[in-house]
There are 2 protein chains.
Amino acid sequence: MDDEAVFKALADRTRRHLLDLLFERDGRTLSELESEVEMTRFGVMKHLKVLEEAGLVATRRSGREKLHFLSPVPIQLIHDRWIDKYTEHRISALADLKTKLEKSE
Amino acid sequence: MDDEAVFKALADRTRRHLLDLLFERDGRTLSELESEVEMTRFGVMKHLKVLEEAGLVATRRSGREKLHFLSPVPIQLIHDRWIDKYTEHRISALADLKTKLEKSE
DNA sequence: TTGACATGTGACCATTTGGTCACGTACGGT
DNA sequence: ACCGTACGTGACCAAATGGTCACATGTCAA
């Protein structure tokens, strides 16, 4: 697996925020994403490039705009790497519990 | 979520290899893990500390040894963040296909 | 209690990374 | 044709990261 690019891409807080934005609504342009982040256009562009090269974001040009889409396949592969099929249900229960505890703080 | 530490921890190739080793067999000592990696003891120790602080590895002391265990809960949480429950089956099929294609190369 | 083994700490250095900027290219509307 | 808009490139710098080493602590066993 070409995992290096994927994990490096996920290691930055801004890039994860961009993924969150695209998870919420797909097909946004660079300018639109830029307005959601405290950073110049150049920074955002660099981050999107990293995400695209990692296969976490797919793009499509439309005139002078570039549309960005979330591509979750690599995330699924991460999961499959360290979660044993047989213990998956047990872990899921733990993860749900952890989420609930944190929300109720 | 305290995701920063988790993603930073996963961003390094050596640390992912250590997780693979622990996924394969739990409860190993530092010295044992050191022998599996091309690096001095100090480097491995630093990496294990990062993994432990991220909650990806749990430890237990036993005499002068320190035993390391894989803790996959944070991995599950990553998955849950960007994989929509309703599209999960479709993505899984894609991920399986990708794995098969890469294996047959 | 002495010695060997297993783990721990802080300083140090080379490389990578995140962010900005000056400048450049491409498309659309009027 | 022209101007405004949207995206792209390369250089540059400060900060974070990965790795090693000298040195230190704790534990077992003879």
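Letters go in sequence order (proteins before strands), and every chain restarts at 1. As the structure is a computational prediction, the values presented were derived from the model and not from experiment.
The hydrophobic cluster containing B:Phe69 also includes B:Leu67, under a criterion of side-chain heavy atoms closer than 4.5 Å among ILVMFWY residues, counted directly or through chains of members.
With hydrophobic clusters built from ILVMFWY side chains whose heavy atoms lie under 4.5 angstrom apart, A:Val50 does not share a cluster with A:Ile78.
One can place CG of A:Leu48 at 13 Å from P of C:dG18, the figure rounded to the nearest angstrom. Note: NE2 (A:His47) to P (C:dG18) measures 6 Å, nearest angstrom. Atom CZ in A:Arg60 sits about 16 Å away from atom P in C:dC27, given to the nearest Å. A:Glu53 places its CD atom 12 Å from the P atom of C:dT17, with the value rounded to the nearest Å. Between the CD atom of A:Glu34 and the P atom of C:dG18 there is a distance of 19 Å, given to the nearest Å.
Qualifying side chain to side chain contact (heavy atoms under 4.5 Å, CB included) partners for A:Ala54, counting only residues two or more places apart in sequence or in other chains: A:Ala5, A:Val6, A:Ala9, A:Leu56. Applying the side chain to side chain contact (heavy atoms under 4.5 Å, CB included) test to B:Arg64 and every residue at least two apart in sequence or in another chain returns nothing. Legend: residues meeting side-chain hydrogen bond (donor to acceptor under 3.5 Å, both in side chains) with A:Asp96, ordered by chain and number and at least two apart, are absent. The salt bridge (Lys or Arg N to Asp or Glu O under 4.0 Å) search around A:Asp12 returns none, not counting sequence neighbours. With sequence neighbours left out, A:Arg16 forms a salt bridge (Lys or Arg N to Asp or Glu O under 4.0 Å) with B:Asp3, B:Glu4. Scored by the salt bridge (Lys or Arg N to Asp or Glu O under 4.0 Å) test, A:Arg25 finds A:Glu32 as partners (sequence neighbours excluded). Residues passing the side chain to side chain contact (heavy atoms under 4.5 Å, CB included) test with A:Lys66, sequence neighbours excluded: A:Glu52, A:Thr59, A:His68.
Across all strands, A:Gly63 comes closer than 4.0 Å only to sugar-phosphate atoms, never to a base (heavy-atom distances). The residue A:Arg15 sits close only to the backbone: its heavy atoms come under 4.0 Å of sugar-phosphate atoms, none of a base.
For A:Arg81 (side chain) and A:Gln76 (main-chain N/O), no donor-acceptor pair under 3.5 Å exists by modelled atom type.
Between the two ends of the helix from C:dT1-D:dA30 to C:dT30-D:dA1, each summarised by a five-pair axis, the helix axis turns through 30° (rounded to 10 degrees).
Comparing B:Leu67 and A:Thr14 by the nucleotide of DNA chain C that holds the closest heavy atom to each, the one mapping nearer the 5' end is B:Leu67.
Chain B approaches DNA chain D over the interval D:dT17 to D:dC28, counting the first and last nucleotide 5' to 3' with an atom under 4.0 Å from its heavy atoms.
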Please enumerate all protein N or O atoms sitting under 3.5 Å from an N or O of nucleotides 8-10 of chain C, with distances to 0.1 Å.
| from | atom 1 | to | atom 2 | distance (Å) |
| --- | --- | --- | --- | --- |
| C:dG8 | OP1 | B:Lys66 | NZ | 3.2 |
| C:dG8 | N7 | B:Arg41 | NH1 | 3.1 |
| C:dG8 | O6 | B:Arg41 | NH2 | 3.1 |

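The list of side-chain hydrogen bond (donor to acceptor under 3.5 Å, both in side chains) pairs with a residue in residues 34-45 of chain B, not counting sequence neighbours, reads B:Arg28-B:Glu36.
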